[in-house]
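See below for the structure under consideration.
Each residue takes its place number in the sequence, starting with 1.
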Amino acid sequence: MLYETVARSEDTGLARLSYGQARALLDAYTAVGGVPGAGWDLRECRHASLTHLGKAGAGLVMLMAKSRHKKPENVRKYLHPSAESIAEVTSLLAPGDSRR
């Protein structure tokens, strides 16, 4: 069985999949029409999760920590600040100024 060979996290004791095991499971569960390799791949999952985090307001540093990117320019495309978050940051410049 696939899970018998899984390494365990020292911190939590939970199973940790290898990249190959994760790829095989994702391929099996997302195969389109039963055709292996026709579903999602791990890169697409990573991209989707970073996009969702960016839309939820995660900052550059958090996205870099989550994705383990070393260069900010590789993560900036996932940043999608909302109008509310831009207004909040702008209000830091002049708190109490209701015109902003």
Side-chain angles (χ1 to χ4, degrees):
M1 177 171 204
L2 181 64
Y3 295 108
E4 293 174 7
T5 60
V6 169
R8 299 256 170 214
S9 168
E10 293 178 14
D11 296 330
T12 65
L14 297 175
R16 294 178 52 141
L17 296 175
S18 70
Y19 188 87
Q21 291 167 324
R23 185 178 59 234
L25 283 172
L26 184 64
D27 188 40
Y29 285 102
T30 64
V32 177
V35 178
W40 280 40
D41 63 26
L42 291 174
R43 184 181 177 282
E44 289 172 322
C45 284
R46 181 181 184 185
H47 174 76
S49 68
L50 291 173
T51 299
H52 289 298
L53 287 172
K55 287 183 178 181
L60 180 67
V61 173
M62 291 304 287
L63 289 175
M64 288 179 67
K66 181 70 177 161
S67 67
R68 296 185 182 155
H69 280 96
K70 302 288 185 230
K71 298 178 182 177
E73 58 268 19
N74 294 336
V75 182
R76 284 192 184 119
K77 63 184 169 187
Y78 301 112
L79 293 174
H80 303 283
S82 66
E84 294 84 20
S85 64
I86 292 171
E88 183 180 333
V89 168
T90 302
S91 72
L92 296 174
L93 297 173
D97 185 352
S98 62
R99 293 177 293 165
R100 295 182 190 261

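Among residues two or more places apart in sequence or in another chain, the side-chain hydrogen bond (donor to acceptor under 3.5 Å, both in side chains) test is passed with His52 by none. For Glu84, the side-chain contact (heavy atoms from CB on, under 4.5 Å) partners at least two apart in sequence or on another chain are Ser82. Contacts of Ala28 classified as side-chain contact (heavy atoms from CB on, under 4.5 Å), with partners at least two apart in sequence or in another chain: none. Taking the side-chain contact (heavy atoms from CB on, under 4.5 Å) definition, one finds that Lys55 meets it with Thr51, His80, sequence neighbours left out. Residues satisfying the side-chain contact (heavy atoms from CB on, under 4.5 Å) criterion with His69, sequence neighbours excluded, are Arg46, Leu50, Ser67, Asn74, Val75.
Counting non-hydrogen atoms of neighbouring residues, nucleotides and ligands closer than 6.0 angstrom, the CD atom of Glu44 exceeds 12 such neighbours.
Under the 4.5 angstrom side-chain criterion for Ile, Leu, Val, Met, Phe, Trp and Tyr, Met62 has no cluster partners at all. Hydrophobic cluster membership for Val89: none, as no Ile, Leu, Val, Met, Phe, Trp or Tyr side chain comes under 4.5 Å of it.
Between Gly59 and Leu79, the shortest heavy-atom contact is C-CD2, 3.9 Å. Closest non-hydrogen pair, Leu63 versus Gly54, comes out as CD2-N, 4.1 Å.
Here the side chains of Leu53 and Tyr78 are not in contact, with every heavy-atom distance at 4.5 Å or above.
Annotation: the span from Arg23 atom CZ to Arg43 atom CZ amounts to 15.0 Å, rounded to 0.5 Å.
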Please report, to 0.1 Å, the donor-acceptor pairs under 3.5 Å made by any side chain of residues 30-39, with sequence neighbours excluded.
{"from": "Thr30", "atom 1": "OG1", "to": "Leu26", "atom 2": "O", "distance (Å)": "2.7"}
{"from": "Thr30", "atom 1": "OG1", "to": "Trp40", "atom 2": "N", "distance (Å)": "3.0"}

